[in-house]
Chemist: 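First, the structure itself, so that you have it in front of you.
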Amino acid sequence: MKIIIDTKEKIAEMAADRYVRLLKEKPNAVLGGATGSTPLGLYAELSRRCKAGEISFKDAMSFNLDEYVGLDGTHDQSYRYFMNENLFNHIDIDINKTFVPSGIDTDSASDYDKAIQAAGGIDMQLLGIGNNGHIGFNEPGTPFGSETHVVELTESTRSANARFFESIDEVPTHAVTMGIKTVMNARSVILMAIGSAKAEIIKATIQGPVTEEVPASVLQLHPDVEFYIDYEAAALL
Ligand code: PGA
């Protein structure tokens, strides 16, 4: 486990450096994408570097972690829309090689793991972390052996995400997410956390027991994981 602590601007740059190294070594790498506020600085940095010719995604593939059930990719709160707006439209990736679980055809959730395997597996999975320790939408109590599946969102997650919707009633009640096992199968993982609201859960994730009650704590068992944490989120370490 590697832990990098710096300002939020600097951790975005260092995480971008990690992408540069990976894509230099393996231009057709399979990337695991994440949504939320946390990766925005990283995505802006990757977009800037791609425009400057410092990195290319043209042979890469991408699989995102999760999607809201009931929202299709044209909905402005869907995670497909988020990825297009914040990353894919600004880099040279082939959009046909970017995948987000379907929030509409949820019967196909288990096909997502098969598609990842058929692509050769994820080389580097990016993660944020929920205030309750979720990774993807794997809420506390999710079995570590889970693959891509539909979940009911906790009230804590729905209220954390209500800021993006007109009201909490509009926040979907369910999502489809890669499972914990899907995430753990990635050859490398990078988790980013920013801000004091994440300080307690970062401490529990890195220094607490490995428990399904703190889904991200499973990463202590991953052979190649890096945490990129800003000073506020690292305050209790
Ligand atoms: P955030 O979300 O980046 O908006 O804090 C992270 C998450 O819930 O996984």
Side-chain angles (χ1 to χ4, degrees), residues 4 7-9 11-12 15-16 31-46 62-69 71 76-83 85-87 100-101 103 122 124-142 146 148-149 151-165 168 170-180 182-184 186 189-206 212-219 222 225-236:
I4 292 140
T7 63
K8 70 174 183 187
E9 291 78 17
I11 61 167
L31 306 172
T35 51
S37 322
T38 309
L40 287 174
L42 165 66
Y43 288 167
E45 184 63 18
L46 291 175
S62 155
F63 287 89
N64 254 73
L65 279 168
D66 47 14
E67 180 59 281
Y68 286 118
V69 168
L71 305 193
D76 66 3
Q77 290 308 327
S78 73
Y79 287 168
R80 158 55 75 183
Y81 190 92
F82 176 102
M83 289 307 295
E85 287 287 303
N86 291 297
L87 185 64
V100 178
I122 292 173
M124 191 168 77
Q125 177 65 54
L126 174 65
L127 300 173
I129 183 169
N131 296 340
N132 62 3
H134 74 203
I135 48 177
F137 272 129
N138 293 287
E139 303 285 25
T142 306
S146 55
T148 304
H149 62 295
V151 291
E152 183 170 7
L153 301 177
T154 60
E155 279 316 297
S156 132
T157 296
R158 291 185 70 236
S159 57
N161 291 4
R163 65 191 195 274
F164 301 113
F165 292 82
I168 188 158
E170 291 186 21
V171 183
T173 55
H174 290 75
V176 51
T177 181
M178 279 186 198
I180 304 272
T182 319
V183 169
M184 289 296 280
V189 175
I190 64 180
L191 183 146
M192 298 183 77
I194 293 170
S196 56
K198 300 286 169 68
E200 270 185 39
I201 198 66
I202 280 294
K203 181 177 170 59
T205 294
I206 294 176
E212 288 177 351
E213 290 313 309
V214 180
S217 67
V218 74
L219 297 171
H222 196 285
V225 59
E226 295 181 350
F227 290 86
Y228 291 79
I229 312 172
D230 78 344
Y231 291 117
E232 286 78 16
L236 299 178

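In each ligand, atom 1 is the first atom listed, and ligand 1 is the first ligand listed. No hydrogens, no waters, no symmetry mates; every other heavy atom, side chains included, goes into these values. We number each residue from 1, following the sequence as shown.
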Chemist: Can you check whether Asp66's main-chain N or O pairs, donor with acceptor, with Thr177's side chain at less than 3.5 Å?
Modeler: no
Chemist: Does Glu155 come within less than 4.0 Å of Arg158, counting only side-chain N to carboxylate O?
Modeler: yes
Chemist: Distance from Ile129 atom CD1 to Ile202 atom CD1, nearest 0.5 Å?
Modeler: 4.5 Å
Chemist: Give every pair made of an N or O atom of ligand 1 and a protein N or O atom lying under 3.5 Å apart, one pair per line with both atom names and the distance to 0.1 Å, or write 'none'.
Modeler:
from: ligand 1; atom 1: 3 (O); to: Ser37; atom 2: N; distance (Å): 3.2
from: ligand 1; atom 1: 3 (O); to: Thr38; atom 2: N; distance (Å): 2.9
from: ligand 1; atom 1: 3 (O); to: Thr38; atom 2: OG1; distance (Å): 2.4
from: ligand 1; atom 1: 4 (O); to: Ser37; atom 2: N; distance (Å): 2.9
from: ligand 1; atom 1: 4 (O); to: Ser37; atom 2: OG; distance (Å): 3.1
from: ligand 1; atom 1: 4 (O); to: Arg163; atom 2: NH2; distance (Å): 3.3
from: ligand 1; atom 1: 5 (O); to: Lys198; atom 2: NZ; distance (Å): 2.6
from: ligand 1; atom 1: 8 (O); to: His134; atom 2: NE2; distance (Å): 2.7
from: ligand 1; atom 1: 9 (O); to: His134; atom 2: NE2; distance (Å): 3.4

Chemist: Judged by atom type as modelled, is there a donor-acceptor pair below 3.5 Å linking the side chain of His222 to the main-chain atoms of Val183?
Modeler: no
Chemist: Are Thr205 and Val214 close enough that some pair of their side-chain heavy atoms sits under 4.5 Å apart?
Modeler: yes
Chemist: Looking at residues at least two apart in the chain, or sitting in another chain, which of them share a ring-ring contact (aromatic ring centres under 6.0 Å, His included) with Tyr68?
Modeler: Tyr79, Phe137, Phe165
